[in-house]
Amino acid sequence: MRILVVGAGAIGGYFGGRMLAAGRDVTFLVRPRRAAQLAATGLVIKSAKGDVSLAAPPVILADQLRQPFDLVLVSCKAYDLEDAIASFAPAVAPRTAILPLLNGIRHLDTLEARFGSEAVLGGQCIIAATLDPAGTILHLNTDHQLTFGERGGAKSDRIRAIAAEMANAVFEHRTSDRILLEMWEKWVFLAALAGGTCLMRASIGEIMRAPRGKEIMLNLLEECRMTAAANRFEPRDDFMARCRGLLTAPDSSFTASMLRDMERQAPIEADHILGDLIRRRNEAEATQGGIALLDLAYAHLKAYEARLLALKA
């Protein structure tokens, strides 16, 4: 199977690098700057699960892309998706499978509009990773799980083939016949985490030490749960119990990556993570009127984006 990984950043570089190290046919679609960096240093992963150093990994630039691939793994930020689609479109043939690892749901609509529903799988990953200034991929904890499946739930031949490609690679992979539910569940948790920690500009533990901090986080989580339920993706009870525990842990240093992006004055996925959730809540008429915590958190993020735009003007 010929696999194209769109980007060689923290997510794509990690999972793509692990598959390449396992002997799979992986090529990274990158920009010129990252291509030069990889040519000089190789693809390097530092991880408690085992380091990887791959000299001269296969890379290709968008204007060099001519042949189709069997699998396109998409892991860009949501605000880069349109540019990413333009860059990898020549790699998509009628039988190409597209596996996106973005958060939320809106990217599925965007990819389907361009490539058709049959091409687009559901997928998600659980990992904390970042790039250091030298371009090394730093795996920040021990979680590295990739879950994927047909959006309709079928156990198809291509799902089995992709799973076989991931066998023996050093990360956990799992197929799911309820991938859309799992994507919604992750979205519920992430929106509550990002909304709360960005609104308060604080970690979970710090929020718990603030007046009514625990109540605020639980109410925000409940708003997200109600939105998912109104869209026919009711999160499971055991999942919600885990979320409540993680979002109210008294000594937790946990924050959303979106907060870390804000602290370094970087772009954020405000529209994709919170804005789209609010849109779907409103369309499902799940709002109870007034200004909800989701609305307040989203307004905070959009005000940040307005200030960031002014600073860069």
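Because only heavy atoms are used, hydrogens play no part in the values below, and waters and symmetry mates are left out as well, while side chains stay in.
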Just wondering, are more than 12 heavy atoms of other shown residues or ligands nearer than 6.0 Å to [atom1] in [X]?
{"X": "Lys46", "atom1": "NZ", "value": "no"}
{"X": "Arg33", "atom1": "CZ", "value": "no"}
{"X": "Arg31", "atom1": "CZ", "value": "no"}
{"X": "Asp237", "atom1": "CG", "value": "no"}
{"X": "Arg307", "atom1": "CZ", "value": "no"}
{"X": "Glu305", "atom1": "CD", "value": "yes"}
{"X": "Asp51", "atom1": "CG", "value": "yes"}
{"X": "Glu285", "atom1": "CD", "value": "no"}

Is the shortest heavy-atom distance from the side chain of [X] to the side chain of [Y] under 4.5 Å?
{"X": "Arg201", "Y": "Met262", "answer": "yes"}
{"X": "Ile268", "Y": "Leu301", "answer": "yes"}
{"X": "Glu206", "Y": "Ser252", "answer": "no"}
{"X": "Lys186", "Y": "Asn103", "answer": "yes"}
{"X": "Leu108", "Y": "Met183", "answer": "yes"}
{"X": "Tyr14", "Y": "His139", "answer": "yes"}
{"X": "Val59", "Y": "Thr27", "answer": "no"}
{"X": "Arg260", "Y": "Thr130", "answer": "no"}

Do Thr175 and Lys155 pair up side chain to side chain, a donor and an acceptor below 3.5 Å, judged on atom types alone?
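Yes, Lys155 and Thr175 have a side-chain donor paired with an acceptor closer than 3.5 Å.
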Between the side chains of Arg18 and His173, is a donor N or O closer than 3.5 angstrom to an acceptor N or O?
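On atom types as modelled, these side chains do not qualify, holding no pair under 3.5 Å.
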Would you say Met217 and Met226 are hydrophobically clustered, going by side-chain heavy atoms of ILVMFWY under 4.5 Å?
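No: no chain of side-chain contacts under 4.5 Å links Met217 to Met226.
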Evaluation steps, side chain to side chain contact (heavy atoms under 4.5 Å, CB included), between Leu247 and Lys214
CA-CA 8 Å; Leu247 294 176; Lys214 181 175 182 179; over 6 Å; no
Work out which heavy atom in Thr142 is nearest to a heavy atom in Lys49; give both atom names and the distance.
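Thr142 and Lys49 have their closest heavy atoms at O-CE, 3.4 Å.
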Enumerate, atom names and distances included, each donor-acceptor pair closer than 3.5 Å involving a side-chain atom of residues 190-199, sequence neighbours excluded.
| from | atom 1 | to | atom 2 | distance (Å) |
| --- | --- | --- | --- | --- |
| Thr197 | OG1 | Leu193 | O | 2.7 |
| Thr197 | OG1 | Ala256 | N | 3.4 |

Asp271 vs Arg106, test: side chain to side chain contact (heavy atoms under 4.5 Å, CB included). Steps then yes/no.
CA-CA 9 Å; Asp271 291 325; Arg106 190 173 74 175; 4.0 Å; yes
Qualifying ring-ring contact (aromatic ring centres under 6.0 Å, His included) pairs, either residue in residues 201-251, two or more places apart
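Listed by first then second residue: Trp184-Phe233.
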Side chain to side chain contact (heavy atoms under 4.5 Å, CB included) assessment of Leu146 paired with Met166:
CA-CA 10 Å; Leu146 195 158; Met166 294 181 181; 3.9 Å; yes
Side-chain donor/acceptor pairs under 3.5 Å, residues 68-87, sequence neighbours excluded:
| from | atom 1 | to | atom 2 | distance (Å) |
| --- | --- | --- | --- | --- |
| Asp70 | OD2 | Arg2 | N | 2.7 |
| Ser75 | OG | Gly12 | N | 3.2 |
| Ser87 | OG | Ala84 | O | 2.7 |

Let me see the working for Arg236 and Glu182 under side chain to side chain contact (heavy atoms under 4.5 Å, CB included), right down to the final yes or no.
CA-CA 9 Å; Arg236 292 164 287 192; Glu182 294 191 38; 3.6 Å; yes
Criterion side chain to side chain donor-acceptor pair (under 3.5 Å) on His107 and His272, from CA distance to verdict
CA-CA 8 Å; His107 61 278; His272 196 74; 3.3 Å; yes
